[in-house]
Amino acid sequence: MAQQLVASPADFERDSDKRLFLGLRRRLWEYEPLRASRPQIDLDVRHGVVRVGGRVRTLAMKEIVGYLCQRTEGV
């Protein structure tokens, strides 16, 4: 179900990037207000650097997505 919130890229350069991506996707999925609004979020993870794109309903959700990503180990 988390795939509906954040689509997975075709490939990853490193296994650590894939683990980080999967952890971020799970963490974003667990945030109920974000999940309920059904946004389309793009995560790009390369060498521990995360880029987030897409649309959410409110500025507060945008800030929470950034906060959740920043607080994830490995980012």
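Values in this document were obtained by computation on a predicted structure and should not be read as measured data.
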**Student:** When you look at CZ of R57, are more than 12 heavy atoms from neighbouring residues, nucleotides or ligands closer to it than 6.0 Å?
**Tutor:** no
**Student:** Rounded to the nearest 0.5 Å, how far apart are CD1 of I64 and CG of L59?
**Tutor:** 10.0 Å
**Student:** Give, for atom OG1 of T72 and atom CG of L28, the distance between the pair rounded to the nearest 0.5 Å.
**Tutor:** 7.5 Å
**Student:** Short question: side chain of D44, backbone of V52 - any donor-acceptor pair under 3.5 Å?
**Tutor:** no
**Student:** Can you tell me how far the CG atom of L24 sits from the CZ atom of R27, to the nearest 0.5 Å?
**Tutor:** 8.0 Å
**Student:** What distance separates E63 CD from Q70 CD, expressed to the nearest 0.5 Å?
**Tutor:** 10.5 Å
**Student:** Quick one: CD1 on I41 to CH2 on W29, what's the gap to the nearest 0.5 Å?
**Tutor:** 11.0 Å
**Student:** Can you name the closest pair of heavy atoms from Y31 and L68 and give their distance?
**Tutor:** CB-CD1, 4.1 Å
**Student:** Return the CD to NE2 distance between E13 and H47, rounded to the nearest 0.5 Å.
**Tutor:** 4.0 Å
**Student:** With the side chain counted from C-beta on, respond yes when P39 and M61 share a heavy-atom pair under 4.5 Å apart, and no when they do not.
**Tutor:** no
